[in-house]
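Chain letters run A, B, ... following the sequence lines, proteins first, then strands; residues in each count from 1.
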Amino acid sequence: MIVGVHPLAGFDKLLHYKVPEALRAGMQLGLLVRVPIGPRVTLGLVGQMGAPTDFPVEKLKPVTQIVYPFPALPADLLELARWMSRYYAAPLDGIIETMIPGAVRHGAALKQEKLLSLARRLAPDELAALEKRAPQQARLYQFLAQQFKAQPKSLVLSRLGQTAAVVNALMKRGVVQEEAQRVERIAYADGFAHGELVAAQPHALNAEQQAAAEAVAAALAEEKFSVTLLHGVTGSGKTEVYLRAIDAALKAGGGVVFLVPEVALTPQTVARLRSRLEAIAPGHQCVVWHSHLSEGERLDGWFALATGEARVVVGARSAIFAPVRDLRLIVVDEEHEPAYKQDETPRYHGRDVAVYRAKLNRAVGLLGSATPSLESFVNAQAGKYRLLRLTQRVDARKLPDIDIVDMRIEAMRQRTLPTLSRRLVDAMHRRFERKEQTILFINRRGYSSSMLCTDCGQVEECEHCSITMTYHRADEVLRCHLCGAERPAPLVCPKCRSPKIRWRGLGTQRVEESVRRVLPRARIERMDTDTMAKKNRFREVLMEFRAGKIDVLVGTQMIGKGLDFPNVTLVGLIDADISMHIPDFRANERTFQLLVQVAGRAGRGDRAGEVVVQTFTPQAEAIQFSRHADFEGFAESELKLRRDFRYPPFRHLIHHLFRGQNPEKLQFFAEQWAKRVEQVFGDRVELRGPSPSPIEKIKDHYRWQVWYFTASATKVVPELVKLRAEFAWPDDITQVLDVDPVNLS
DNA sequence: AGCACGCCGACT
DNA sequence: GTCGGCGTGCTC
């Protein structure tokens, strides 16, 4: 018997091994094994049964050991790993490593305890004989005979004051049996249990929720792969629909994965979910999965799922790899959240992996969001996903009014670069008179600032990477943080030649000063990392604010941490452009969510809250904000924009790194490669490169040249991998494909 | 990833 | 003459 093994040793190659007689019976796909590689022994995963085609069988070494008697990767996850390897162009061994928790991989010893129980009952005469000849054994027998279930060995022995010798004697006679069992560490000891005890009774569903829940239940009953996109406005009660679906899946005997963005995984949410799940499926453990678990907790949770003791896992991104058995339902809450993207190798998108895993298991995928990602929305429009809608808010609260203020007009009116617009100042005055509160929100992210033209709104971007360039004051240059390209900071706007260039990087301090000028009698507090350096200051300020001792709170993202302020009826976004043009395209989405969250609660009674957004690029912000108010309208215009402009909805950003010593040769091959890519993708491909300034460290050390491609097509990645395989590279040039899974469909 | 093999510069 | 630099290749 010969097996192919993926060694977890840092190189991505399938190696073959003989299976010794003793290990043959237990051998199967997905097992974690130890295998010799050269002088060492490493962990590996059995990925194939059968002999190699390109290696002499007689030179094969034997498998050293089977680490666990059951597959560390069940069949579906093994298949998923292979798909990911192809789809994300990532090495398979790395994917296997991310799928199996470290503690499991290292074959960590399980915390075990031995349980004692009776193997058979003794006849009365046998018992009498035993009492005479071996009184201690008889005591043990009597004790165990009174127990309803197996008891821990250590406990029994200490209670009876006996030693293991007594147990051994009885075992030899076949009267007592010993079994090993794992000690549950997860039970409910992860701190999540103490969050908040919430009444567990199910809420009554409104008609829309009811219809949605029934539709999902029907999909589950079909027992085939399907994906449902649940588009429900903020506060429409999506969670109740998830819970009904989970209920249905559990009742059908299946397992469930419930993904939430990492930030949403707070003790309160988990406790709430858990109490509801308890009510739905009494006796079923719900495993919580996130990055802050200890090794032991992770191990226990993993085992509970792998053995079927637990059938539900709630967790962040990586919970999609939990070894849930008989998977019937995968829920992805807030499916548009960028937190689902892993941006280290292996790069993957949790939501997309979830959909594919559902497909492999013929399970149901349920994606929920108030603002679906464009790719999911397009999939729904194309009929690939079923679209369900929840249009009514359960709590009947009004959405906030959003004003977008064009700061270019404001600048003309005030003849200076304003910090606060008239609109915002007026709104703040009204709040102050009514004794309501205001939050001014400013996104200053570190020292990064960008170049903005106050006449035309132009923001300088890197020509290779399409991200905003960052201004570095020390050497007066604009630099791209992705590829390292740099150019001198311009004196006039490169687009409209206007000299009115502004370097963005507005601080909370300046905003505070401005507010003092317009509202001299107001109590103002500033909240950012500088002023909050003192330990409990943060908490203090939040408490004062909540108690109404502060009228205006000026702060950075950290305000979002204490979100629930019932008396806040106005939120001002001082400088929307900073967040929208930050060199991390994910940041704008996050900031955005935060604002809408604050604003969504800003209503008072029947009066809606107000949000004032100050911006130099009103079109962009209008689109962003309409995304929440009118998602369909947003989606339509955004899709058009992306099609016409540079960011199609399914763009993959592909970094292609060429390595070699001869620049001319590199140039030649990059062009050749580009031609081949174009042949396959036609006009959907854009070649941008070479990068003028490859990342220094890499350049010095390996003399790499960095080239970037961007391509827009749903099939780009698999096709590129195919291309890579058939493209013949000369010996002195190597290339690496790195794919950022932006909006994979 | 590790580790060996191998081919060019400064040293017990 | 060797020791050791890291560039290259292999691991069943």
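Taking atom CG on A/D93 and atom P on C/dT11, their separation rounds to 17 Å, with Å as the unit. For the pair A/L8 CG and B/dA1 C1', the computed distance is 11 Å after rounding to whole Å. In this structure, the CG atom of A/L43 is 13 Å from the P atom of B/dG2, given to the nearest Å. Taking atom CG on A/L60 and atom C1' on C/dC12, their separation rounds to 6 Å, with Å as the unit. If you measure from atom CG of A/D54 to atom P of C/dC10, you get 13 Å, rounded to the nearest angstrom. Separating the CG atom of A/L45 from the P atom of C/dC12 is a distance of 18 Å, rounded to the nearest angstrom. In this structure, A/M49 places its CE atom 20 Å from P of C/dC12, rounding to the nearest Å. Separating the CZ atom of A/F11 from the P atom of C/dT8 is a distance of 19 Å, rounded to the nearest angstrom.
Among the heavy atoms of the strands lying under 4.0 Å from A/Y17 are primed sugar atoms or P, OP1, OP2 only; no base atom is included. Contacts of A/K13 with the nucleic acid, taken as non-hydrogen atoms under 4.0 Å apart, include base atoms. Contacts of A/P36 with the nucleic acid, taken as non-hydrogen atoms under 4.0 Å apart, involve only primed sugar atoms and P, OP1 or OP2.
Closest contact between the side chain of A/P39 and the listed nucleotides C/dT11, C/dC12, B/dC3 involves B/dC3.
If you take NZ on A/K18 and NZ on A/K61, they are separated by 11.0 Å, rounding to the nearest 0.5 Å.
Between A/A306 and A/F70, the closest heavy-atom pair is CB-CE1, 4.2 Å.
Looking at A/Y356, its side chain never comes within 3.5 Å of a backbone N or O of A/M84 through a donor-acceptor pair.
A/E334 and A/S369 share no side-chain donor-acceptor pair at under 3.5 Å.
The side chain of A/K61 places an N or O atom within less than 4.0 Å of a non-bridging phosphate oxygen (OP1 or OP2) of C/dC12.
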